[in-house]
Structure formats: structure tokens, C-alpha cells
Protein chains: 2
Amino acid sequence: MSRPLILNLSAVILAVTDDQPRVLTVYRRDARHTGATRADAPALPSGPLDADTDRTLEIALRRGSLEQTGIEVGYVEQLYTFADRGRDPRERDGGSRLVSVAYLALVREQHVAAGVGAQWQNAYDFLPWEDRRVPGSPAPHIAALAAWSAAAPSAALRRQREERGAISFGLTRAGWDGFQALERYELLYEAGLVAEAWRERARSSRPRGIGRSMALDHRRILATALARVRGKLKYRPVVFELLPPTFTLLQLQRLVEALAGIRLHKQNFRRLVNAARLVEGTGTLQSGSPGRPAELFRFRREVLRERQGPGVRLPGAAGRRAR
Amino acid sequence: MSRPLILNLSAVILAVTDDQPRVLTVYRRDARHTGATRADAPALPSGPLDADTDRTLEIALRRGSLEQTGIEVGYVEQLYTFADRGRDPRERDGGSRLVSVAYLALVREQHVAAGVGAQWQNAYDFLPWEDRRVPGSPAPHIAALAAWSAAAPSAALRRQREERGAISFGLTRAGWDGFQALERYELLYEAGLVAEAWRERARSSRPRGIGRSMALDHRRILATALARVRGKLKYRPVVFELLPPTFTLLQLQRLVEALAGIRLHKQNFRRLVNAARLVEGTGTLQSGSPGRPAELFRFRREVLRERQGPGVRLPGAAGRRAR
DNA sequence: TTCAATATGCTCAAAATGAGTATAAAAAGC
DNA sequence: GCTTTTTATACTCATTTTGAGCATATTGAA
């Protein structure tokens, strides 16, 4: 164990604004000095564990997030620990091995304190293939993936690539599964269709790549976070961490749609949410919007006593065929 | 960042034998020297990351598991990273901070190579309250938890403790949720009902504690692993990692019951498993057992193309009321 | 031959789901 | 003031899935 370790905490801080999932990013202060990453690739806020003062990782994460972005995160959950060799290009120069414990944090929409250098970005700018809310969208990555499969050196490998592509991108009878966001990113990475895959290879032949890049392997971490929220949505009432205390059912639906990346059947959505007794009406109506005013609802905390894995079901989402 | 870090990999290696989930344990070689833990508390196999040679954490884990137990693990999945201060009593003497990345591994029943010092233990010896397959079992921990709630210093806190206890131990209308294994362990820990909670406190007043102890916080890690398998069971075909290539439906059911810790309705279980097209008959029958011989089945890998989140549903498990 | 034990097929009511249709209540356009 | 547009909300209905149980089939052992 000669080579030293550095333990980092990285945060995927999510909010949803204007029906778009947003992720809070910073620009790495050290990018210029190393020249290893493009100077303008957005990064997730990350900070070291202070082994002397931070009693838990979560405390270190909250401290780091506040320091770097000025935001006090509420709901927080550990995601995954990333430690593959070569995550940080600086490692190769005999530097220390970088281990990052990634966390997912959910916050209500708010403005970042000016001057801190943190910015909200649309999460789907980085993972555009994950947003399937617009039905007519073309799918260039599907064609590119098919080409990659076809270029496989052996027939067996070709078959395997096709299989993986078909399953993770929902081209089979099983349909699209929002939960598989990480598998999709990793497949695109292997296929050389995201720019990060070309960092280690020849610069000249570098293709454009699908979606915006992030620093290091932060896009992979973002994909992990997206998969986690989407999964958790279904059996834990986490959406309410992203909403104000009262909200309309349409607001709730749009929020779920933004995270899940799909459209839902409106009437059935409200039926499910009501039947699960997840929310209760406040009696007051929302005004100022076009159309019939909607009732404001609030989260029913008691649902935790009453239901097994209370979460938001996705009516109309199952078995949806690929376009 | 003066204090050095040690990064450990810990493995929860699970198998199921004779309808009992088993976990592979070792006896810590260093326990005698420090005197900090009871010399005979079983521990999870753990080993350091070799930052020079281990390309990934998973590789380090496979290497460490093989070295310490002689077992080559198959299915492997990262669980959680534990890094709270004070996990290892030796930390207090100015030692280094211990960070453990825990993995879950599933293996088919097999015998440990003799002499390596590893042993299979019944997982429910450590977490006896998690096994609800026997209907008539008394529940001493429920009474003890109630006493702890009653002893709360304030009324608000008492209410809160009662609420937590009721929800995690399935005393509410929501019923028992196998997935909440970690919450239950943590509640018992806070209530001082597991022996580990008394390590830091006065030795004299130490109560017996429910269930067998493990070294350090390994029981918490085990609870995390149990919760994870139980959750994953439902949407990924992980059970088949624990079964031989062909098996009877009853074998499959007993295995699921062992992991889930509950009994299932037999006819409905086979209906679900069949309807989900998770398995296919081989045509051959099992012989030698009492009763009508059962057909042998095999896992249908193609199910991954056909179904969203293919896993084993738990018929008859929902809303089961507390005894 | 009978019994105990297991496997497997089948029924039936209740609940949940998918895909709508229908109606209500507001603001905006004219 | 009336119509149009827009959103909210109620209700329907066929289909599927679930919970619970009964009935029958096949084996080895008493």
C-alpha cells in the first residue's frame, strides 16, 4: 500500500425547475493547472473528508456542499463509491489514488448565492437520451450503437452488443426502463459515443460525442444518481423533498415526469396518488393560472404507517414500446 | 487532513443452505492483540485496497475474499461505504480512520476449504428478529422497545420512538416490510438492545442483547446486505445466483422465503413465477424425495428482454399484519 | 391397500390498471 | 355577453393481477 489514498465526497445535488431536472455544478479550480481536463467541463461539487473533524461522511458532504455552492442540502443519501484506477488523469504521474464517495441530495428550487461559482445545469443536457418525454425525438445514438455492434470483431460479440443495446435502450418487448440509466451510459461509453471515452485515446480521431461532457467520471456519477432517484421514486415519497409544502397534482405529476423522463396518464396518475393516500387536499385553490383552478395538496406523512413502500407509481409507463 | 485513512473492502458473502441464509465469517486475527473486541466475535472477511495493483474495488474484493476464505465469489455488488468515526476502537488511540466499502456477494452453497479459518454462520443468528417464517415466535424485542419508548425523557420523544418502532417492526397497518432491515437494526442499537451498543459504555451494566454479535459494526453491514437482497429480489433475478442450474419450484420458493424471511402462498408463488416466464421446465422429474416428484426447472435468461425489472414477486407477503 | 407428503391444476371474488369519455370552472378573445 | 381555450376533476369499463382456497395427481412408506 505504498500509494496514498485521497477520499473525496462528491454530491449530485438535484432540483427540478420548469419541468427540468437540474444538477448543481462547479467549475474545477484546478483544471487550468493540470491541463488534464478541458478547462470548462462542469464538475460535481466535491471535497475531501477531514478525518479529524468530520464524524460521518454525511457531515463532511453537507459541509463541503455548503462551502462550495452555498447551498444547505436537505435530503441526502449515499449513492456509490467510485475508485477505479485512472478516474483522475493526475493519478498516472505517480499521484495518489482518488476514491470518491458520491451522494445524492435533493433540494427545493432555489437560487445559488452569487459569486460562489456554482451553477444549475439541465441534467438532460448531459444525458439527453434519458429524456423521453417528447415523443417525436430522433434517436441518433440508436443508429450509432447499431453501427458499433455491427463493427464487432466476432459474431458472438456482435450478438452480445446488440442484446445489451436492445435491452438497455428499451428496444425489446420489455420496453424502456428508466432505472437502467447507468447501464445505458456505460454502454455508450464502451461504444465510444460519449466524449469522455476518448480522453485516454487519440485526440485527433475524437468524435463529437452525445450530450455535454463533465469533468472526470462525473457524468457516470450523474447517471448513477438519476437511476437511483427513478428507482426510489416508486417506493419512497422522495418527490416531496423537491416540492413546496403545498402543490397541485399537476405540479406533482410534472415533477415525477421530469425525473422519470416519461409522460404519464393524467387521470390515472391522480387516481393512484389519491388511492395510495399519499396526499390530502388543503381545501384552497390555486389562482392566477389559465384554466380551472386546481386544488392545493400536501404530503400526508401518515402514509408511512399505512402503506408498504409508499411511492409514486408510474401509470402508463409500463411496457411502453420504443419509438 | 493529518490523520491517515485506511480503505478496507468488506464482503457479505451469502449462500442459502437447508432453508437458512448463511453468511461467511472469519475470526479476526488481530482481535487478541488489541483487546478491543471480544476475541471470538465473528467478523466479515475484509481486506485492504492495494492502490498499486487493484484496478477496481471489485477486483480487490474478489482477491481479498479468495485469500481469506478460499472462495471465488460470483455475483458481486457494491453495498455501502461505512466511515463513521469510532467504527474501529483502535482509532481512538490516534490511529488511522477506517473506511470500509462493503460488498454483497452471492454464491451457491459450497464447502469452505478447510484450514482457512472461515465459517458459514446462520445470518438469522445475528439478526433473529428478521426471520418471520415461524408464525408462533415470541417477540421479546417488541416489549423491550416499548419499554425504551416509555422511558423517553420527553413526551414528544416518546411519541417519536413509538412511531419509529411501530413502522419499522410492522406494527402499523402497513405491516412488516422485509426491506427495512437496516432501520430495525439501527433502532435496536439506539435502544441499547444489541450488545454492540454497549461497547463504548459501562461494561458492568451491559445487558445480554438480542442476537449474536459480530466484530466492529459488521452486524450493521449484514443488516444492510439483507435489506439489499430483499429489495433486489423483487426486480432482478438474483435468486438464481444461489441455485444450481436446475431446481424445483419448491426449492426456489424456500430460497426466496429464507431470504425474505416470510412464508409465501405456494400455488400463487408458482403462478407468478410461471406467468412472469422466469423459469422453464426441463421435462425431467426429481426423484428420491417423498411425495409426488417435482419437475426440474431452469432460469429463463430471455426474460430480461421480455419484462421490466424481472424478479420474484412475494405473493401473500403484502400487508401481512404483525403477530 | 391406505396414508402421508408433495406437486400441480383450477376456480372465483376482489383489487388494481390502462385507456378512455364526460363534465366543471376558470381566463382570454371577440 | 358569448365563445373558445385551457386546465381540473369525476366517472366508466374492459382487462389483468392478486389473494385465498379447493381439488386432484403421484409418489414412497406403513
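Residue numbers start from 1 in every chain, and the chains themselves are labelled A, B, ... in the order their sequence lines are given, proteins ahead of strands.
Applying the 4.0 Å criterion to OP1 and OP2 of C:dT8, one finds that B:Lys266 has every side-chain N and O outside that range. Phosphate proximity of D:dA8 to A:Arg270: absent, as no side-chain N or O sits under 4.0 Å from OP1 or OP2.
Counting only heavy atoms from C-beta outward, the side chains of A:Arg254 and A:Arg263 approach each other to under 4.5 Å.
A donor-acceptor contact under 3.5 Å is not formed by the side chain of B:Gln286 with the base of D:dT27. Contact of A:Arg271 with C:dG18 (side chain to base): a donor-acceptor pair of N or O atoms is detected under 3.5 Å.
The side chain of A:Asn268 approaches C:dA19 more closely than any other nucleotide in the set D:dT27, C:dA26, C:dA19. Here the nucleotide nearest the side chain of A:Arg292, chosen from D:dT7, C:dA7, C:dG9, is D:dT7. In this structure, of D:dT9, C:dA19, D:dG21, it is D:dT9 that holds the atom nearest to the side chain of A:Ala294.
The distance from atom CG of B:Leu264 to atom P of D:dG19 is 10 Å, rounded to the nearest whole Å. For the pair B:Arg263 CZ and D:dA20 P, the interatomic distance rounds to 16 Å; values are reported in whole Å. B:Asn274 places its CG atom 12 Å from the C1' atom of C:dA7, with the value rounded to the nearest Å. Remark: P of D:dA25 and CG of B:Leu250 are 21 Å apart, rounded to the nearest angstrom. Atom-to-atom, NE2 of B:His265 to P of D:dT18 comes out at 14 Å; the value is rounded to the nearest Å. Regarding B:Arg307, its CZ atom lies at a distance of 11 Å from the C1' atom of D:dT16, rounded to whole Å.
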Is there a salt bridge (Lys or Arg N to Asp or Glu O under 4.0 Å) between A:Arg133 and A:Glu257? Walk through the geometry before answering. CA-CA 8 Å; A:Arg133 289 173 296 174; A:Glu257 288 177 336; over 6 Å; no
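Side-chain N or O atoms of B:Arg228 include one that pairs as donor or acceptor with a backbone N or O of B:Gln78 at under 3.5 Å. A donor-acceptor distance shorter than 3.5 angstrom exists from the side chain of B:Arg230 to the backbone of B:Gly178, with no hydrogens or angles considered. Listed for the B:Glu295 side chain is no donor-acceptor partner under 3.5 Å among the backbone atoms of B:Leu285.
Heavy atoms of B:Leu272 sit under 4.0 angstrom from primed sugar atoms or phosphate atoms, though from no base atom. Residue contacts for B:Glu295: at a heavy-atom cut-off of 4.0 Å it reaches the sugar-phosphate backbone alone, with no base atom in range. Looking at heavy-atom distances under 4.0 Å, A:Leu249 makes no contact with the nucleic acid at all.
For A:Gly291 and B:Leu285, each mapped to the nucleotide of DNA chain D holding its nearest heavy atom, the one lying further toward the 5' end belongs to A:Gly291.
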